[in-house]
Amino acid sequence: MTIVKTIEEVRAQVKAWRAEGLTVGLVPTMGYLHEGHQSLIARSVAENDRTVVSDFVNPIQFGPSEDLATYPRDIDRDAALCEQTGADLIFHPEAEEMYAPDFCTYVDMDHLTKGLCGKTRPTHFRGVCTVVSKLFHIVQPDRAYFGQKDAQQLAVIRRMVRDLNMPLDIVGCPIIREADGLAKSSRNTYLSAAERQAALCLSRGLNKGRAAVEAGETDAAKVKAMITAEIEAEPLSRIDYVEIVDWNNLEPVDSTAGSILAAVAVYIGKTRLIDNFIIER
Ligand code: PAF
């Protein structure tokens, strides 16, 4: 496995693979990899001849008061995990390699990016769409892999690929959880022991909501109230949002009878965590 830092090196390697007729999978990440990322890499390795992992903390998807400076980074640990999982190349650029000082071209999206996380992170998805488009242009993969934990991101990227006719498949992969239910996240490392315990209110609330829907509850307001009550019962929690939306267009729904995404964003102390469940019908 090789680690490269320039776009030119990625292009040269992918060109050589293409000349051999090999297929290429891309796993875009911001590094500090955990078992969630590992499951994406493993899926790409299983479905493609070669796998590229991008490892880049993308500055333009962070708001001014967010955690860009403190976002955890450990390229040596990431490299070991990628190698062990069968990845072939890590693209680990500096910010200057991705963004020229006079960079001024962005990929933006209406509608899907305005609700859920977009409400409190108004420039986040513009940053995500821009960097992911750049990575797609640089690597030109056959398939790219994204986790369902960032469900809005997955929906946004699928829509971008459809709307802009990008020639690749987007593969969504299930949420990977700790044994006690907490969704794996690089940001879990910010949690103190007490906060780590408190963070279980997200999956507990969502489990209650899912069980109610599966038992036949179709009133979205009631399901939302159940999830909210469970999270609010935890003193260290502060809810950013609890929403139930149509999984196809991310618009709020009154009924849970169709394909739905139930999504939450909750501060545990200073750490903002997200989690969700999707029911597709
Ligand atoms: O999900 C992430 O880690 C990031 O948003 C992504 C897709 C790698 C873009 O920076």
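In listed order, ligands and their atoms are each counted from 1.
Counting the atoms of ligand 1 from 1 in the order shown, those under 4.0 Å from a heavy atom of V131 are 9 (C), 10 (O). Near P28, with a cut-off below 4.0 Å to any heavy atom, the atoms of ligand 1 are 8 (C).
Nearest to atom 7 (C) of ligand 1 among the protein's heavy atoms is Q153 NE2, 3.5 Å. Of the protein's non-hydrogen atoms, the one nearest atom 3 (O) of ligand 1 is M30 CG, 3.5 Å. The protein non-hydrogen atom at the shortest distance from atom 9 (C) of ligand 1 is Q61 OE1, 3.3 Å.
Test R187, R121, R272, R73 against D67 for salt bridge (Lys or Arg N to Asp or Glu O under 4.0 Å) and you get one pass: R187. When each of E96, E97, E94 is tested with K5 by the rule salt bridge (Lys or Arg N to Asp or Glu O under 4.0 Å), just one qualifies, namely E94.
For the pair D275 and R177, the salt-bridge criterion is met [side-chain N within less than 4.0 Å of a carboxylate O].
Enclosure of atom CD in Q197 is not indicated, since only 12 or fewer non-hydrogen atoms of other residues, nucleotides or ligands lie within 6.0 angstrom.
Applying the 4.5 Å side-chain rule to ILVMFWY residues, one finds that Y267 remains a lone member of its cluster.
Using a 4.0 Å cut-off between heavy atoms, T29 contacts ligand 1 through its backbone alone, with no side-chain atom that close.
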